[in-house]
Amino acid sequence: MKFLADMGVAPKTVKSLQEAGHNAVHLSEQGLFRMRDSEILQKALKEERIILTFDLDFADLPAAASTVLPSTIILRLRNTKPSFVTSRVTVVVAECAQALETGALVTIEDSRYRLRYLPIGPSAAN
């Protein structure tokens with residue numbers, strides 16, 4: 001899978017994803033330190049990447065845009081150590097792979113996750 005990690009995600013997490021065979025890039029690697037959320041969304045869409053972020057604003061962007069892609073993984077973890085983040089992301093990506101390929105918003109917490117298919121609309125509440 002292809003990932004685009006936002007600034008709040010540790011580069012160690014990106015490296016671990018790469019070592020697991022994923023095509024993962026971090027905004028900082030590309031010198032994109034101050035990109036607006038809407039620009040990150042467009043970049044991920046253009047590059048066919050899944051956004052990986054701690055930024056809760058990304059929960060609203062897919063709903064506002066009524067788009068199917070890009071998929072987004074929002075991290076709402078108390079334990080933000082890269083090793084824990086990586087282990088949670090690895091497990092959830094494996095379980096949600098098909099949904100992420102077709103368009104999903106996944107919110108990962110310490111012991112559970114929530115999967116919502118895109119586009120998110122008024123009638124799509126779970």
Side-chain angles (χ1 to χ4, degrees):
M1 297 186 122
K2 294 170 66 176
F3 294 95
L4 176 62
D6 196 8
M7 292 305 297
V9 177
K12 286 182 179 181
T13 297
V14 173
K15 183 175 169 103
S16 294
L17 289 169
Q18 291 167 343
E19 290 170 353
H22 296 288
N23 180 333
V25 296
H26 197 282
L27 288 175
S28 66
E29 294 172 343
Q30 300 175 346
L32 303 172
F33 297 98
R34 299 189 188 273
M35 234 178 159
R36 293 187 340 218
D37 292 348
S38 60
E39 294 170 330
I40 294 169
L41 191 71
Q42 289 304 311
K43 179 175 178 54
L45 184 60
K46 181 180 176 186
E47 297 177 8
E48 299 179 347
R49 294 187 181 277
I50 299 164
I51 298 170
L52 186 59
T53 185
F54 280 93
D55 187 343
L56 297 179
D57 290 340
F58 280 96
D60 297 329
L61 290 173
S66 296
T67 61
V68 174
L69 293 171
S71 288
T72 302
I73 297 173
I74 298 175
L75 303 164
R76 296 194 65 193
L77 302 169
R78 290 187 184 136
N79 182 347
T80 58
K81 291 181 182 176
S83 59
F84 183 75
V85 172
T86 301
S87 67
R88 289 295 295 140
V89 168
T90 301
V91 167
V92 174
V93 164
E95 291 180 15
C96 299
Q98 185 175 358
L100 289 166
E101 292 286 339
T102 59
L105 175 64
V106 179
T107 303
I108 301 177
E109 297 176 359
D110 288 337
S111 60
R112 65 184 186 139
Y113 67 88
R114 180 178 180 194
L115 168 66
R116 293 184 289 169
Y117 290 92
L118 297 175
I120 298 170
S123 62
N126 298 12

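Everything quoted here is computed from the prediction, not taken from an experiment.
In this view, Asp55 satisfies the side chain to side chain donor-acceptor pair (under 3.5 Å) rule with no residue, not counting sequence neighbours. Remark: Thr107 engages no residue in a side chain to side chain donor-acceptor pair (under 3.5 Å) (not counting sequence neighbours). A search for side chain to side chain contact (heavy atoms under 4.5 Å, CB included) contacts involving Gln18 returns Val14, Lys15, Ala24, Glu29, not counting sequence neighbours. With sequence neighbours left out, Asn23 forms a side chain to side chain contact (heavy atoms under 4.5 Å, CB included) with Lys2, Val25, Arg49. Qualifying side chain to side chain donor-acceptor pair (under 3.5 Å) partners for Arg78, counting only residues two or more places apart in sequence or in other chains: none.
For CD of Glu19, the number of neighbouring non-hydrogen atoms (other residues, nucleotides, ligands) closer than 6.0 Å is greater than 12. Summarising the local packing, CD of Glu48 is surrounded by 12 or fewer heavy atoms from other residues, nucleotides or ligands at distances under 6.0 Å.
In terms of heavy atoms, Met1 sits closest to Ala97 at CE-O, 3.4 Å. Of all non-hydrogen atoms in Ile51 and Pro70, the two that sit nearest each other are CD1-CG, 4.0 Å. Heavy-atom minimum distance, Ile40 versus Asp6: CD1-OD1, 3.6 Å. Closest approach of Phe58 to Leu41, counting heavy atoms only: CE2-N, 4.5 Å. Annotation for Leu118 and Ser71: closest pair CD1-CA, 4.4 Å, computed over non-hydrogen atoms. Residues Thr90 and Thr86 come closest through the heavy atom pair OG1-O, 2.7 Å.
Of the possible polar contacts, one joining the Ser87 side chain to the Phe84 backbone as a donor-acceptor pair under 3.5 Å is found. In this structure a side-chain-to-backbone donor-acceptor pair under 3.5 Å is present from Asn79 to Lys81. With hydrogens and angles disregarded, a donor-acceptor distance shorter than 3.5 Å links the side chain of Arg88 to the backbone of Arg112.
Taking CD1 from Ile73 and OH from Tyr113, the interatomic distance works out to 11.0 Å, rounded to the nearest 0.5 Å. Interatomic distance, Leu32 CG to Lys43 NZ, rounded to the nearest 0.5 Å: 5.5 Å. Here CD of Glu101 is found 6.0 Å from CD1 of Ile50. Values are rounded to the nearest 0.5 Å. Separating the CG atom in Leu52 from the CG atom in Leu4 is a distance of 9.0 Å, to the nearest 0.5 Å.
With hydrophobic clusters built from ILVMFWY side chains whose heavy atoms lie under 4.5 angstrom apart, Phe54 does not share a cluster with Val91. In the hydrophobic cluster analysis, where Ile, Leu, Val, Met, Phe, Trp and Tyr join through side-chain heavy atoms closer than 4.5 angstrom, Leu56 is grouped together with Met7.
Identified under the ring-ring contact (aromatic ring centres under 6.0 Å, His included) test for residues 9-30, with sequence neighbours left out: Phe3-His22.
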